[in-house]
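A note on names: the letters A, B, ... follow the listed sequences, proteins ahead of strands, and every chain is numbered from 1.
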Number of protein chains: 2
Amino acid sequence: MPAEHEPTLKDVAAAAGVAVMTASRAFSKPDLVAQATREKVLSAAQQLGYRHNALAAAMRSSQSGLVGVIVTNIDNPFHSKLARGIDEVLTANSRRMLLGHSQDDPKREAELIRDMRSWRVEGLIAVPALASTPPEARFAGLPTVLAGRAGKTGALNQVTVDDERGAQEATADLIARGARRIAFIGNEEKITTTTTRLSGYLAALGENGIRRDDSLIRLGCRSVDDAKRVAKQLHSQLQPDAFFGVNNQITLGVLEASAGFAAPPLISGFDGMDFADLLRAPVSLVSYDPAELGARAATLLLESLENPEAPPRHDVLPVRLLHYGGNVTDAN
Amino acid sequence: MPAEHEPTLKDVAAAAGVAVMTASRAFSKPDLVAQATREKVLSAAQQLGYRHNALAAAMRSSQSGLVGVIVTNIDNPFHSKLARGIDEVLTANSRRMLLGHSQDDPKREAELIRDMRSWRVEGLIAVPALASTPPEARFAGLPTVLAGRAGKTGALNQVTVDDERGAQEATADLIARGARRIAFIGNEEKITTTTTRLSGYLAALGENGIRRDDSLIRLGCRSVDDAKRVAKQLHSQLQPDAFFGVNNQITLGVLEASAGFAAPPLISGFDGMDFADLLRAPVSLVSYDPAELGARAATLLLESLENPEAPPRHDVLPVRLLHYGGNVTDAN
DNA sequence: GTGAAAGCGCTAACAC
DNA sequence: GTGTTAGCGCTTTCAC
């Protein structure tokens, strides 16, 4: 007959006629227990409806098996795919992901870090929020891998995509297709994706003998709507012949704005879009798999947990510029 | 000078010259501690770099503050928005979300439930996976709210959208726009969203004097590609004049397929799409905010934790049919 | 308002 | 292979 309270190992051990420790081992180190004993324990556990208490185990062993994951915005596809990639690797390595989203707010990020530390996460994977203090300071004292956005000093492990090259190729491609006045719409300068991708854009201009025109470079867009507004404004004031969006949100904003333009500009952007083929406007996207980025970040974290003395590593995922047709119809 | 080990309350208490219990109270029940004492404790904690141990607190108090959230697929926007809505409410109520994704596989779902129970989650919010056993059996014994997909018996709390009405309105609208042979592409019959939305579709046909044609009803699509294939097949075999996609993935598949059709059919589907306005093909979508659904689910769970004796509730979120223009350009 | 004692459920460490 | 002991860091309980 089952007890009133949630059954514990003690109950199982009693029912199986063994010591608590033996019952514990039957689960966590089955090889160290005789077959017959193990079976007795497992069947007693079954009977009583025993369920392992991860809280107690984590506390006693001081190994929580938890990994904190901080993204800025869960429902941005980049971040949700990143989280899936991370979760897959963690699950395969018997860890659990503790997921939080900072909304790109350093205060919320700090709270998340504090909360996650209180759960004794073994490490952290984070897309660092927009902040004036460098990630190295904010994530000090806990094994951390930065994902997507790079750090300042290189003191942390990080996994990014090939930001500079991606932006450079996309910009060069716009130029090859005839664009000369290419608007660059970015997020804040505090984020390396914006600054590094801007470098790539500038490099492509330079290589093609096009003078940098700062009036075409607009930073500080943090949402689809920001970007939409800025793109409209740029269009009416300066009529650029092409737009480059620094990330998926900004590119969406450009696409929305451009729907209202009489003469459609060329549009290119960073980050893939699952539905790019269905869009009315032609668009070129610097693509990669965010889940792969996440998987690499998780792998890197696990490795650095294994080997705490290893120097920080910086992994860079290659990107590929893909062209989507707009009103070209699918042949098959 | 800070200690070697992670400082504990004991260290803080010693440094502050008070009992451990007093130090504990200074954090968790500040009102029960004299101002002066509290300040001593807090400053000692600060100095030592003390960090609360949620593991120990959860274990001792048997209140983990954790809520398990099981979705089928994190990087489906429906699910990621749902998760965000849930997380917002939980965070505001000082709980943490433990997120997992079942990939619509009952085995993985069972593992997740087990794992989450082992972390002593106080309750569960789940989009139940495709399974032959009813959710009521799989989620027994733990306060649970089903989200998006309904249960079988009504014994669990659940929050869904107005599936039947949404599908009925969308179908009626297709008919009003001239469609007579409307294909319905659904997921498995085990999921209530498919069955309930199918009812709505059939109701609209009935109300408009259109005979049900089972050859136009195709179930069992579990991915964008499934739906794409089925839509192409239907198109070449039966040339329906409209398609209804039972969810966002399936509607995307229909959109992809229809890009290759000479005579574009009318397309309608369940679930919103942020980028619907940018699509080449006109589409009508039964829309609602998944984050709102999540927020309601979380609220319902918290209420039922407060009041464990309350009978299960069934909350239904209204939906709205929105039309997107395809090649109509944005005026402003 | 504060403290002392006990113990949550488990596993590390060591003994046999 | 198995058992004993101790204790992870906190909060509950009860005393003062």
If we only count heavy atoms from C-beta on, is the [X] to [Y] side-chain gap below 4.5 Å?
| X | Y | answer |
| --- | --- | --- |
| A:Pro128 | A:Arg138 | yes |
| B:Asn53 | A:Arg120 | yes |
| A:Leu146 | A:Val127 | no |
| B:Val71 | B:Leu82 | yes |

Phosphate contact (C:dC8 OP1 or OP2) by B:Ser62 side-chain N/O below 4.0 Å: no

Contact letters for nucleotides 8-16 of chain D, in which S counts primed atoms plus P, OP1 and OP2 and B counts the base, heavy atoms under 4.0 Å: BBBBB----

Residues B:Arg96, A:Asp115: salt bridge by 4.0 Å N-O rule: yes

Residues A:Asp75 and B:Arg84 bridged, charged N to O under 4.0 Å: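 A salt bridge is present here (some side-chain N lies under 4.0 Å from a carboxylate O).
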
Between atom [atom1] in [X] and atom [atom2] in [N], what is the gap in whole Å?
| X | N | atom1 | atom2 | result |
| --- | --- | --- | --- | --- |
| B:Leu32 | C:dT2 | CG | P | 10 Å |
| A:Phe27 | D:dG1 | CZ | P | 19 Å |
| A:Leu55 | C:dC8 | CG | C1' | 10 Å |

